Amino acid sequence: MNAHDSEKVVGTLLSEGYSQVPTPEEAELVFYNTCSIRDKAEQKVFHRLDQFKKTHGNGKKFAVLGCVAQQEGEKIFDKAPHVSMVCGSASYNQLPRMLVQLEAGNRRVTGLSLDTDATFDTPLTRRDHPHRAYITIIEGCDKSCAYCVVPFTRGPERSRTSASVIAEARQLAAMGYTEIQLLGQNVNSYRDPSSAGWDFAKLLDEVGRVPGIRRVRFTTSHPRDFVKSIVDAIDANPALCNHVHLPVQSGSTRILDAMQRLYTREEYLQRIAWMKAATRPIAVTSDIIVGFPGESEADFEATLDLLDAVGYDALFSFKYSRRPNTAALALADQIPEEEKTRRLAIVQERQRSIQIARNAAYVGSVEECMVEGFNKATGQWMGRTSQHKTLNFLYAGAADLNGQYVHVRVTRSGPNSLAGECIQ
Ligand code: SAM
Ligand code: SF4
């Protein structure tokens, strides 16, 4: 999502007459987009800002964008006095006005209001990937997970109209993009604000019907709002990739309740059962937080047991990180750092064995891949399956396969990828 925000900001700057340079050294104006989801990401921002200044700070103007800008606000001007602009993601549509102030020599330009029902639609987006394009369908988040800063940094939920999403998908297809990824903190709570009144499953299906679009992905899904009609749409429409990222966070209902996730372990497993019952094999991936305050050994065991029960295709796992403004800050029984580290290592080891076993089951099968690049060092092309697996393969021909869809026979597997030979 941050990468796509940067694409939109670059597009806005280009339309205002700026031009992009390859490195910060060559820039007169440096924009730094930031993440504050965990403490480490945030610390990195101030370290990098310091480095920018030391190595190539002279005479340049600096702007900080994104969640750290929103969270720290004007304090950034005190912590990093070479910064002249801070702007959160809910204010990116104000950038043209803010740039005028910046160019006029204003040293403290801000865009920090979250009081908006506007979305940042911009037809000017400068796209970094030649074949896959992102479309934001919903911004902000109305949930209040006890550990999470997003509602404080990205503001309330705002959905785009279905007509503007479909128009953007058609425009992308006309430009030659074949894969679209729909984005939102919680895409499942998408509600078309126009009279058409589409829900997420309808929008997903219709994007998959845009001529020229061969693959549609989406992220992120919140289990509470993940309804069976989404699985039915995937099952019925082959343009919708058979991969769902459904973050669970914990396998213990007690911890899910403390996290204010609004579902139980059983309700989560019900959603998994819908996917396992589909006729297409749907890959499922997830996010886990270990060491949330009060997580006992039994709660942690319940998470490990859930990993086995679901059999995830991939997992992003994190140590709980205390974030400003969040409800979990006030919870007693914080878990010591070493214990979080221990639990994280156990989760990652368990997941590694699950992935080794799941990927091994693909050996001998033929998968359709969208080709994303060539690795000179290994002499292999890199493709991505509909299930979002990386498939490295050999190809004897001389054609440039980038952006092509090819069939590959899987001959080997590892924990994080598959390998094979192109057969078509
Ligand atoms: N909206 C998505 C959802 O509800 O699943 C997730 C958004 S968040 C950007 C991505 C992931 O970061 C979360 O799923 C969670 O696992 C992790 N995360 C968020 N806050 C965290 C925190 N305070 N400490 C550790 N991990 C965190
Ligand atoms: Fe954060 Fe929860 Fe919203 Fe996801 S649903 S962005 S974890 S508050």
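Remember, predicted model here, so these are calculated numbers, not experimental data. First listed ligand is number 1; within each ligand, the first listed atom is number 1. Keep in mind that the numbers below use all heavy atoms, side chains included, and drop hydrogens, waters and symmetry copies.
- In this structure, K319 counts as a contact residue of ligand 1, since one of its heavy atoms falls inside 4.0 Å of the ligand.
- Here is the list of ligand 2 atoms found below 4.0 Å of a heavy atom in P151: 8 (S).
- Contacts with ligand 1 closer than 4.0 Å are made by no heavy atom of H245, backbone or side chain.
- Residue contacts with ligand 2, taken as heavy atom pairs separated by less than 4.0 Å, involve C145 via backbone and side-chain atoms alike.
- In Q185, the parts holding a heavy atom less than 4.0 Å from any atom of ligand 1 are both the side chain and the backbone.
- The proximity of R38 to ligand 1, defined as any non-hydrogen pair under 4.0 Å, is limited to the side chain.
- An N or O contact shorter than 3.5 Å links Q249 to ligand 1 by distance.
- At a heavy-atom distance under 4.0 Å, only side-chain atoms of P247, from C-beta outward, approach ligand 1.
- A distance-only check finds no donor-acceptor pair linking the side chain of Y263 to the backbone of T253 [under 3.5 Å].
- For the pair E339 and R343, the salt-bridge criterion is met [side-chain N within less than 4.0 Å of a carboxylate O].
- Counting non-hydrogen atoms of neighbouring residues, nucleotides and ligands closer than 6.0 angstrom, the CZ atom of R170 reaches no more than 12 such neighbours.
- Within 6.0 Å of CZ on F374 lie more than 12 heavy atoms contributed by other residues, nucleotides or ligands.
- Within 6.0 Å of CD in E28 there are 12 or fewer heavy atoms belonging to other residues, nucleotides or ligands.
- When heavy-atom distances to ligand 2 are checked against a 4.0 Å cut-off, P247 has no atom that comes that close, whether in backbone or side chain.
- Side chains of L65 and Y32 form no contact here, defined as non-hydrogen atoms less than 4.5 Å apart.
- Given atom 7 (S) of ligand 2, the protein heavy atom at minimum distance is Y147 OH, 3.4 Å.
- Protein heavy atom closest to atom 24 (N) of ligand 1, with residue, atom name and distance, is S321 N, 3.0 Å.
- Environment of CG in D115: sparse, with no more than 12 heavy atoms of neighbouring residues, nucleotides or ligands closer than 6.0 Å.
- The nearest heavy-atom contact from the protein to atom 4 (Fe) of ligand 2 is R261 NH1, 4.3 Å.
- The residue among Q185, R154, H222 with a heavy atom at the shortest distance from atom 5 (S) of ligand 2 is H222.
- Summary of contacts: the protein heavy atom closest to atom 11 (C) of ligand 1 is D287 OD2, 3.4 Å.
- Put simply, OG on S417 and CG on N392 are 5.0 Å apart, with the number rounded to the nearest 0.5 Å.
- Ion pair D5/R154 flagged as a salt bridge, since at least one NZ, NE, NH1 or NH2 atom sits closer than 4.0 Å to an Asp/Glu carboxylate oxygen.
- Ligand-side atoms of ligand 2 in range of C148: 1 (Fe), 6 (S), 7 (S), 8 (S), range being under 4.0 angstrom from any heavy atom.
- Atom 9 (C) of ligand 1 has its closest protein heavy atom at I37 CD1, 3.6 Å.
- Across R217 and T385, no two heavy atoms sit closer than the pair NH2-O, 3.0 Å.
- On a distance-only criterion, Y147 and ligand 1 share at least one N/O pair closer than 3.5 Å.
- Listed here is the closest heavy atom pair of M382 and F393: C-CE2, 4.3 Å.
- In terms of polar-atom proximity, defined here as any N/O pair under 3.5 Å, H222 makes no such contact with ligand 1.
- Within the listing of ligand 2, atoms 3 (Fe), 5 (S), 6 (S), 8 (S) sit less than 4.0 angstrom from a heavy atom of C141.
- Between R261 and ligand 1, a contact under 3.5 Å exists for at least one N or O pair.
- The minimum heavy-atom distance between R280 and S386, with the atom names listed, is NH2-OG, 3.9 Å.
- Between R126 and D128 there is a salt bridge, since a side-chain N of the basic residue sits under 4.0 Å from a carboxylate O of the acidic one.
- In this structure, N186 falls outside the shell of residues with a heavy atom less than 4.0 angstrom from ligand 1.
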